[in-house]
Amino acid sequence: MKLGAFIIPTGIGASIGGYAGDASFWARKLSQKCKLIVNPNVVNAACFSGITDNMLYVEGYSLDEFFKGNLNLVETCNNRIGVVFDKSIPEDVLNVHINTINAVKTIYGIDIVSYEITDLPVGVSFFVNESGVSVGNVDNLLTLKKAANKLIQKGAEAIAVVCHFPEDESCDYENGIGVDPVGGVEAIISHYISKEFNLPCAHAPAFSDINVSTNIVSPKCAAEYITPTFLPCILLGLDKAPMFSKISEGININDLDFLTVPHNALGSIPVLEMLKNNKKVFAILENSSVLNVSCSNFIESFNLINLNSYEDLLSYL
């Protein structure tokens, strides 16, 4: 069976995959034909998840290290997960998330070893920069590290992080346009923990307003408006996330057959490393982002292939 990678970077306003699990349909279709590496942004959908048994759930920092040949992916299942909560999460919101942990444990049998509340507020802020990309700041990464370390000492093999986020006043996202404003700073958090501990990590935001919306929103982001917590999807993903190895065991970039990305988001480490290794990159024309790095920015390469749609990719494979 072929091994592919389906990546849609976070916070770049991808027309498919820039919202709440709206790329999951195509990822699931592809995973029926090949084993598929996905980043959380592809399959995360609040209380839902597009993850399947034939997918490998890998966040951005570890993905880059994999594509650079610095680590291998070792397939596992039923990982022991620890959950870090930001001290600034209000008690009522925290209680909803604790109930969520218990529900996910009961229904799916996911092994959640414990949770830790950070000693200090994490201090998250986010915004969309002049280029239209989601970015942000984290005031206290060290308090996250300390809480994660406590969980690892208790046996956690993967870390879920839930930080308190200020409310977003923008209505563009709920209308299915623009950029997910929290995606960029979420990536900062998961990259940091993955880099520090060399294990899987994913992040879910917690907002003070836990009321379920009664407004009709875009189908692309509807999953995020029918639940007070986004935690279930990252627990379901981390349950099956591969472990990382710097020795020869597991899957490495030499085993990868192809990568697919939005057509104008070709400036990433995975794309450049695939081309350097003479491997196929499929640029999907129906999927656009706020970036502007397309095939025209590269010297003509036999391995850089424009396809009109994900449907065409399925046919090609």
Please enumerate all residues that pass side chain to side chain contact (heavy atoms under 4.5 Å, CB included) together with [X], with sequence neighbours excluded.
X      : answer
Glu196 : Lys145, Tyr192
Asn72  : Asn252
Ser288 : Ser15, His263, Asn264

For residues 51-63, run the donor-acceptor check on the side chains, cut-off 3.5 Å, and write out each pair with its distance to 0.1 Å, sequence neighbours left out.
residue : atom : partner : partner atom : Å
Thr52   : OG1  : Ser31   : OG           : 3.4
Thr52   : OG1  : Asn54   : N            : 3.2
Asn54   : OD1  : Lys35   : NZ           : 3.4
Asn54   : ND2  : Ser31   : O            : 2.8
Asn54   : ND2  : Cys34   : O            : 3.0
Tyr57   : OH   : Asn44   : OD1          : 2.8
Tyr57   : OH   : Asn44   : ND2          : 3.4
Glu59   : OE1  : Tyr61   : N            : 3.1
Glu59   : OE1  : Ser190  : OG           : 3.4
Glu59   : OE1  : His191  : ND1          : 2.8
Glu59   : OE2  : Tyr61   : N            : 3.1
Glu59   : OE2  : Ser62   : N            : 2.9
Glu59   : OE2  : Ser62   : OG           : 3.3
Glu59   : OE2  : Ser194  : OG           : 3.1

- Worked check of side chain to side chain donor-acceptor pair (under 3.5 Å) between Asn140 and Thr143: CA-CA 6 Å; Asn140 198 345; Thr143 198; 4.6 Å; no
- Query: Can you list every pair that meets salt bridge (charged side-chain N to carboxylate O under 4.0 Å, His left out) and has a residue in residues 96-112, with sequence neighbours left out?
  - Reply: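 Salt bridge (charged side-chain N to carboxylate O under 4.0 Å, His left out) check on residues 96-112 returns Arg80-Asp111.
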Can you give me every donor-acceptor pair (side chain of residues 304-312, partner residue at least two apart or in another chain, under 3.5 Å) with its distance?
residue : atom : partner : partner atom : Å
Ser309  : OG   : Glu311  : N            : 3.4
Ser309  : OG   : Asp312  : N            : 3.1
Tyr310  : OH   : Asn287  : ND2          : 3.0

- Item | Pairwise ring-ring contact (aromatic ring centres under 6.0 Å, His included) hits with a residue in residues 227-260, at least two apart |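 For residues 227-260: Phe258-Phe282.
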Using residues 199-206 as the side-chain source, report each donor-acceptor pair under 3.5 Å to any protein atom, sequence neighbours left out, with the distance given to one decimal.
residue : atom : partner : partner atom : Å
His203  : ND1  : Glu186  : OE2          : 2.8
His203  : NE2  : Cys163  : N            : 3.2

- Not counting sequence neighbours, which residues clear side chain to side chain donor-acceptor pair (under 3.5 Å) with Lys2? List them please.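 For Lys2, no residue satisfies side chain to side chain donor-acceptor pair (under 3.5 Å) once neighbours in sequence are set aside.
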- side chain to side chain donor-acceptor pair (under 3.5 Å) partners of Asp22, counting only residues at least two apart: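 None.
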- Check the pair Asn41, Asn39 against side chain to side chain donor-acceptor pair (under 3.5 Å), reporting the backbone distance first and the verdict last. CA-CA 5 Å; Asn41 187 56; Asn39 62 317; 5.6 Å; no
- Message: Just to verify, what does Lys146 make a salt bridge (Lys or Arg N to Asp or Glu O under 4.0 Å) with, not counting sequence neighbours?
- Response: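 So Lys146 forms a salt bridge (Lys or Arg N to Asp or Glu O under 4.0 Å) with Asp119.
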- Query: What residues join Phe48 in its hydrophobic cluster, counting side-chain heavy atom gaps under 4.5 Å, either direct or through other members?
  - Reply: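 Ile226, all in the cluster of Phe48.
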